[in-house]
Amino acid sequence: MIIVNLDVMMAKRKMSLNELSERVGITLANLSILKTGKAKAVRFSTLDAICKALDCTPGDILEYRNDE
């Protein structure tokens, strides 16, 4: 199971969804889908842009949990 911790990183950086959307160039709707963990996939270019905007690594945003 992949957990998306985008909301955690945004809170740590004190960045709103609107601000991140503008910086990354993603619609609010798509960013919201990613933030809530409902996304089926994420492009590496999108992940790269989010990491640059939040000054973090993919591991700060995505977490793997074994759900066994």
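FYI, the numbering just counts along the sequence from 1.
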Minimum heavy-atom distance between [X] and [Y], given as atom pair plus value:
{"X": "Pro58", "Y": "Cys51", "value": "N-SG, 3.5 Å"}
{"X": "Cys56", "Y": "Met9", "value": "CB-CE, 3.5 Å"}
{"X": "Gly37", "Y": "Val4", "value": "CA-CG2, 4.1 Å"}
{"X": "Asn30", "Y": "Ile26", "value": "CB-CG2, 3.6 Å"}
{"X": "Leu34", "Y": "Ile50", "value": "CD2-CD1, 3.6 Å"}
{"X": "Ala53", "Y": "Leu20", "value": "CB-CD1, 3.7 Å"}

* Asked: When rounded to the nearest 0.5 angstrom, what is the spacing between CG in Leu17 and CE in Met10?
  -> 4.5 Å
* How many angstroms lie between CG in Leu6 and CG in Asp60, if you round to the nearest 0.5 Å? -> 11.0 Å
* Do the side chains of Ile33 and Val8 join up, straight or via other hydrophobic residues, at under 4.5 Å, putting them in one cluster? -> no
* Asked: salt bridge (charged side-chain N to carboxylate O under 4.0 Å, His left out): which pairs involve residues 9-20, sequence neighbours left out?
  ->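 Every pair satisfying salt bridge (charged side-chain N to carboxylate O under 4.0 Å, His left out) with a residue in residues 9-20: Glu19-Arg23.
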* Residues that Asp48 engages under side-chain hydrogen bond (donor to acceptor under 3.5 Å, both in side chains), provided they are two or more places apart ->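 Partners of Asp48 under the side-chain hydrogen bond (donor to acceptor under 3.5 Å, both in side chains) test: Lys52.
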* Just jot down the side chain to side chain contact (heavy atoms under 4.5 Å, CB included) partners of Ile3, sequence neighbours excluded, or say none. =>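 Result, side chain to side chain contact (heavy atoms under 4.5 Å, CB included) vs Ile3: Met1, Asn5, Glu63, Arg65.
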* Would you call Lys35 and Leu31 a side-chain contact if the rule is heavy atoms closer than 4.5 Å? -> no
* State, yes or no, whether a side-chain contact exists between Leu62 and Leu47 at a heavy-atom distance under 4.5 Å. => yes
* Main-chain N/O of Ser32 paired with Thr36 side-chain donor or acceptor, under 3.5 Å -> yes
